[in-house]
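Below is one structure; the comments refer to it alone.
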Amino acid sequence: MVNRFKINRTYLRILFNFLSIILVFLIHLSFIRAFDSWLGYLNLSLIFLIFVLETSGFTWGLGWILGLGFFFDIFYFLPFGYFLLTFFIVVLVSYFLLLGFFTNRSLYSYFGLVFVSTIVYEVVLNLLIYFLNFYSSSRIFFLFVKNFWERLGQELIVNWLATFVLFYIFSFFNKRFNAVFIRK
Amino acid sequence: MIKINFRKITLFLLICIVLIILHYFSWLSPVENRIVSWVSFPVNKVYSKVVSWKREYRDISSTQVSLDDLKNIKKEKNSLIAENAKLESYRFENKKLRKYLNFLEEVEYKYVMAGVISKGYSINSNEEISTILINRGEKQGIRKGLLVVNSEGVVVGKIEETNNLTSKVSLLTHSNCQLAATIQDGQETYGIVEGDLGLTIKMGFIPQDKEINQGDLVVTSGLEENIPRGYVLGEVVLVERSFNQMWQDAIIEPLVDLKNLTLVSVLVP
């Protein structure tokens, strides 16, 4: 009886996560991308991925990569697997930092994780795109392009703002989050 | 000591490899097509709603149109109506004459309407995002290289890539979007129009002996396969001429707001 209850609860959790993945993807694809300039740079999928990794663990993080990566790969006209690989590398790096450095669930640990994961995401994705267009003569290596750093800066700022808002929303419903500043 | 679960990582990588193989053998196509068809409609609705909010905000915050501006606009509209009527009669006469001379029938193009579902990813970091995704694809007869226009018939870009149910459109300001064009100045000035850094459009390979003026209209020349003649691209705002060069360039401003597109049409021959 208890086992059956546990199995049902697991299935419910899988269903809830699956629906959440779809919702986050739809909001990212249609709502956020419709905005111009800085607001359109918000990477909602990445932020939610970090939150899931930190609250639910590595396994659920991998599940979210499969879902989000698959949807991104079928909608965007990049070789299939690019987003799966990018998200995977981001989660690996974030998990390593989570276990070794950002060990509490405070706001500044989220800020740190979002900072690093945003940079890793942009560098990995742009690197993959650069190799895709390697033989095109007009492609300057993206790290030497001013526009790339400007956009990255705007993305970091808007991702931090979203992290700040989401942190307080999640901490309202979930007691696993720590206070903003850790007191000794 | 940081513990990494290699079993989970290996299993995950195996699932990814299987997905990639299934995709490239098109065995995942039914699932992908089903997902795209379910998602396209709500995504297009949300995207269009956000764009309409942006337009409303811009209209409210922009300066009021003065009475003089309004009078000028009305005057211009009336002269355009008169010119349009003249052109319509020329078109009818042209069609009749072609029939008499037994010219080959011109290719009839059909318009496939499509909703914009999202913006694409910028392939070139040096460029602003100047691609959009639309919810029509190979199933509706769309293929690479076809012309895309807005609801007023003004050119917005070209089809760059297609899937079964979606397509990627390179807007006029994208460096991948190149069109054979002509300037409507009575001199039959031909050139190639190309996007520049996702911000503007440049027309190059214009012979030095051609006189181009600000305000001249640029239209498609019809010299490209599957792209009909006479579709408006924009108007000339600046001419770049250097006397030791063989060609001159013109900077063209598109007549349509490329950042706020919600509905487009693809010209399918």
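Remember, predicted model here, so these are calculated numbers, not experimental data. Atom set for the values below is all heavy atoms of this structure, side chains included, hydrogens, waters and symmetry mates excluded.
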Gap separating the CD1 atom of Ile65(A) from the SG atom of Cys16(B), nearest 0.5 angstrom | 8.0 Å

Part of Phe70(A) within contact of chain B (heavy atom distance under 4.5 Å) = side chain

For the residue pair Phe80(A) and Tyr24(B), categorise the inter-ring angle as parallel (less than 30°), tilted (30 to 60°) or perpendicular (more than 60°).
-> perpendicular

Close side-chain approach of Leu29(A) to Tyr47(B), heavy-atom, < 4.5 Å | no

What's the spacing between Lys119(B) NZ and Phe35(A) CZ if we round to 0.5 Å?
-> 9.5 Å

How many angstroms lie between CG in Leu78(A) and NZ in Lys168(B), if you round to the nearest 0.5 Å?
-> 6.5 Å

Any Leu66(A) side-chain heavy atom under 4.5 Å of Leu19(B) side chain | yes

For Ser48(B), is it the side chain, the backbone, both, or neither that has a heavy atom closer than 4.5 Å to a heavy atom of chain A?
-> neither

Would you mind telling me which of Thr262(B), Ile132(B), Val51(B), Val46(B) has the largest number of heavy-atom pairs within less than 4.5 Å of chain A?
-> Val46(B)

Residue among Leu26(A), Asp73(A), Thr59(A) with most heavy-atom pairs under 4.5 Å to chain B | Thr59(A)

Atom of Gly120(B), atom of Arg33(A) and distance for their closest heavy-atom approach | O-NH2, 2.6 Å

Hey, is CZ on Arg241(B) packed in by over 12 heavy atoms from elsewhere, all under 6.0 Å?
-> yes

Using non-hydrogen atoms and a 4.5 Å limit, figure out which bit of Ile22(A) sits close to chain B: side chain, backbone, both or neither.
-> neither

Which answer fits Leu28(B), side chain, backbone, both or neither, if we ask what part of it has an atom under 4.5 Å from a heavy atom of chain A?
-> side chain

Top contributor to chain B contacts, counting heavy-atom pairs under 4.5 Å, from Phe25(A), Phe71(A), Phe88(A) = Phe88(A)

Over 60° means perpendicular and under 30° means parallel, so classify the ring planes of Phe31(A) and Trp53(B), tilted if in between.
-> perpendicular

Sort out for me which of Ile17(B), Val50(B), Leu11(B) touches chain A most, counting heavy-atom pairs under 4.5 Å.
-> Val50(B)

Which bit of Phe75(A) is near chain B, if near means a heavy-atom gap under 4.5 Å: side chain, backbone, both or neither?
-> both

What part of Ile117(B) is in contact with chain A, defined as an atom under 4.5 angstrom from a non-hydrogen atom: side chain, backbone, both or neither?
-> both

Could you state the interatomic distance from CG (Leu92(A)) to CD1 (Ile9(B)), rounded to the nearest 0.5 Å?
-> 5.0 Å

Bottom line for Leu165(B): the part with an atom under 4.5 Å from chain A's heavy atoms is neither

Could you tell me the separation between the CG atom of Leu62(A) and the CG atom of Leu13(B), rounded to the nearest 0.5 Å?
-> 9.0 Å

Can you say whether Asn44(B) sits under 4.5 Å from chain A via the side chain, the backbone, both, or neither, judging by heavy atoms?
-> neither

